[in-house]
Trainee: 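Questions regarding the structure given below will be posed in turn.
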Protein chains: 2
Amino acid sequence: MNIAIDYQSRVPIYEQIVLEIEKQVALNILKPNEQIPAIRELAVNLGINPNTVKKAYDTLEQRKVIISKSTKGTFITDNVDEVKRIMVDKIIDDIKKNIQELENIGINKEDIIKKLKVSE
Amino acid sequence: MNIAIDYQSRVPIYEQIVLEIEKQVALNILKPNEQIPAIRELAVNLGINPNTVKKAYDTLEQRKVIISKSTKGTFITDNVDEVKRIMVDKIIDDIKKNIQELENIGINKEDIIKKLKVSE
DNA sequence: CTCCTTGCACTATTTGTTATAGTACAATTA
DNA sequence: TAATTGTACTATAACAAATAGTGCAAGGAG
C-alpha cells in the first residue's frame, strides 16, 4: 500500500488516507475483495498512530469502500463499481459548478472550451 | 456587504470572507476603487471578532484584491481585471485536473461531454 | 482643538479538531 | 499457546482558528 502523507496540507492525515484509498479503488490499483494492510501495520508503515488509521478505516467503511472483518482483516468492497460511480458523479458535479462559475463571471461556453483546449 | 458565514464548514471564517469578496469582485458586485466596510463595522455585522476580519483583509491585501489606506478605509483594487484573470485561470486549471482524473478512471472525452450535457 | 473613526499592532486566552499515547478485550489463526 | 485481527475506550498533546482586550497614530468632522 503506497500512500504519501503531506504534513503541510490542511487536509487531515486520516482524510488523506481516505481519499488516496478511494482513488486507488477508482484506478483499479486496489481490486474488489482485496485485503488491505492491518491498522497497526499501515500505521507503522506511514509512521503515524494506529488511531489515525482506524479513523480513516472507519470513514471508509461508512462510505462502503472497505469492509472490516473482525480478526480477519480489512477488505476492499466487492462493489467497486458503485464507489467509482459516486466518485465520477462528484467530479462531474464539480466541473459543472466550475463551468457555472465561469459563466457567472461572464465567460461563455465557447471561450471556456477554447481555454480548455490550450495545452490539453 | 452581504456575506454568509457557514460555521459548520471546515473552511475558516477568515477564508470564507476572502473567497466571498474575491467572488463578488469577479461578479462585478464590488466595483474598482469602491470602499468596503471598516474592519470593526464588518465584524459587528457578521457577529464575529474584528481580528478575524483583519486577518481576511490582510490576506486580500496580500493578494492585491483590496488596498487598505490608513485612517481612510479599505478599498477594492483598481485593477479588477487582474483579479478576475487569476480566478478564471484557477477555475480552468481545476476543470483540467478534474477531466484528467476522469480520464485516469477510464472515461473518455466523449463520455465526459455526454455526462456534462445532461441537465446543463 | 476635540472627538470620532480609520487601520495597525500586540499579547493572552479560549475553543475545537487532529493526532498521539496507552490500555484492554474478544475472536481467529498458526 | 502465542500472535494477529478489529474494536473500544480514556487521557493527553499539539495546533490552528477565533476571541478578548488594549493601545497607538493619523485623518476628518464638528
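In what follows, chains carry the letters A, B, and so on, assigned in the order in which the sequence lines appear, proteins first and then strands, with residues in each chain numbered from 1. Source: prediction; values computed, not measured.
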Trainee: When you measure from the side-chain N and O atoms of B:S70 to the phosphate of D:dA25, is any distance below 4.0 Å, counting only OP1 and OP2?
Mentor: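 Negative; the distance criterion is not met.
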Trainee: Does D:dG28 have its OP1 or OP2 closer than 4.0 Å to a side-chain nitrogen or oxygen of B:K72?
Mentor: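 So the side chain of B:K72 is within the cut-off, an N or O lying under 4.0 Å from OP1 or OP2 of D:dG28.
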Trainee: Expressed in angstrom and rounded to an integer, what is the separation of B:Y7 atom OH from D:dA17 atom P?
Mentor: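 Nearest whole value for this atom pair: 16 Å.
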Trainee: Hey, what do you get for CD (B:E101) to CD1 (B:I112), rounding to the nearest 0.5 Å?
Mentor: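 Reported to 0.5 Å precision, the distance equals 11.0 Å.
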Trainee: Give the rounded distance in Å between these two atoms: CG of B:N49 and P of D:dT22.
Mentor: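 In whole Å, D:dT22 P lies 13 Å from B:N49 CG.
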Trainee: Nearest whole Å is fine: how far is C:dT17 P from B:I13 CD1?
Mentor: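 Taking atom P of C:dT17 as the reference, CD1 of B:I13 is at 13 Å.
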Trainee: Identify whether any heavy atom of B:Y57 sits under 4.0 Å from a base atom; if not, whether one sits that close to sugar-phosphate; answer base, sugar-phosphate or nothing.
Mentor: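 No contact.
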Trainee: Roughly how far, to the nearest 0.5 Å, is the CZ atom of A:R63 from the CE atom of A:M87?
Mentor: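 One gets 10.0 Å once the value is rounded to the nearest 0.5 Å.
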Trainee: Can you work out whether A:K54 or B:I48 has the more 5'-proximal nearest nucleotide on DNA chain D?
Mentor: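 Checking each residue's closest nucleotide, the 5'-ward one belongs to A:K54.
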Trainee: For A:T52 and C:dT18, is the shortest distance between a side-chain N/O and OP1 or OP2 below 4.0 Å?
Mentor: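 So the side-chain polar atoms of A:T52 never come under 4.0 Å of the phosphate oxygens OP1 or OP2 of C:dT18.
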Trainee: Please say which of B:Q16, B:Q24, B:K23 ends up in a side-chain hydrogen bond (donor to acceptor under 3.5 Å, both in side chains) with B:E20.
Mentor: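 Only one option passes, and that is B:Q24.
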Trainee: Expressed as a whole number of angstroms, how long is the span from A:I5:CD1 to C:dT20:C1'?
Mentor: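 From A:I5 CD1 to C:dT20 C1': 13 Å.
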Trainee: Please pick, from D:dT19, C:dT6, C:dC8, the nucleotide with the shortest atom-to-atom distance to any side-chain atom of B:E41.
Mentor: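 Nearest nucleotide to the side chain: C:dT6.
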Trainee: Just how far, in rounded Å, is P of D:dA18 from CG of B:L42?
Mentor: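 Taking atom P of D:dA18 as the reference, CG of B:L42 is at 14 Å.
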Trainee: May I ask you to decide whether A:K55 forms a salt bridge with A:D58, counting only side-chain N to carboxylate O separations under 4.0 Å?
Mentor: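 Not counted as a salt bridge, because no side-chain N and carboxylate O are separated by less than 4.0 Å.
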Trainee: Can you tell me how far P of D:dA16 sits from CD of A:Q8, to the nearest Å?
Mentor: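 A:Q8 atom CD is separated from D:dA16 atom P by 10 Å.
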Trainee: Contact class for B:R10 vs. all strands (heavy atom < 4.0 Å): base, sugar-phosphate, or nothing?
Mentor: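 If one applies the 4.0 Å heavy-atom cut-off, B:R10 turns out to touch the sugar-phosphate alone, with no base involved.
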Trainee: Where each residue is assigned the nucleotide of DNA chain C containing its nearest heavy atom, which of B:N51 and B:A38 is assigned the position nearer the 5′ end?
Mentor: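 It is B:A38, whose closest nucleotide lies nearer the 5' terminus.
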Trainee: Looking at the side chain of A:S68, which of C:dA27, D:dG6, C:dT6 is the nearest nucleotide?
Mentor: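 The listed nucleotide nearest to A:S68's side chain is D:dG6.
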Trainee: For the residue pair A:Q100 and A:N104, confirm or rule out a side-chain donor-acceptor distance under 3.5 Å.
Mentor: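 There is such a pair between these side chains.
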Trainee: Nearest-Å distance, CG (A:L60) to C1' (D:dG6)?
Mentor: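 Computing the A:L60:CG to D:dG6:C1' distance gives 15 Å.
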Trainee: For B:N2, look at atom CG and say whether over 12 heavy atoms of other residues, nucleotides or ligands are found less than 6.0 Å away.
Mentor: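 Count not over threshold, so no.
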Trainee: With respect to the side chain of B:R40, which nucleotide from C:dT28, C:dA19, C:dC8 is positioned closest?
Mentor: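 Among the listed nucleotides, the one closest to the side chain of B:R40 is C:dC8.
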Trainee: Respond yes when some side-chain nitrogen or oxygen of A:K55 is under 4.0 Å from OP1 or OP2 of C:dA19, and no when none is.
Mentor: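 Checking A:K55 against C:dA19: no side-chain N or O falls below 4.0 Å of OP1 or OP2.
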Trainee: Could you give the CD1-to-C1' distance, from A:I67 to D:dT7, as a whole number of Å?
Mentor: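 One finds 17 Å between C1' of D:dT7 and CD1 of A:I67, rounded.
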Trainee: Of the listed nucleotides (D:dG6, D:dT19, D:dG27), which one gets closest to any side-chain atom of A:I39?
Mentor: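 So the nucleotide nearest the side chain must be D:dG6.
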Trainee: A:P12 has a side chain; which of D:dA18, C:dA19, D:dA26 sits nearest to it?
Mentor: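 Selected nucleotide (nearest to the side chain): C:dA19.
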Trainee: Hey, does the side chain of A:Y14 come within less than 4.0 Å of C:dA19's phosphate (OP1/OP2), counting only N and O?
Mentor: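 Result: no.
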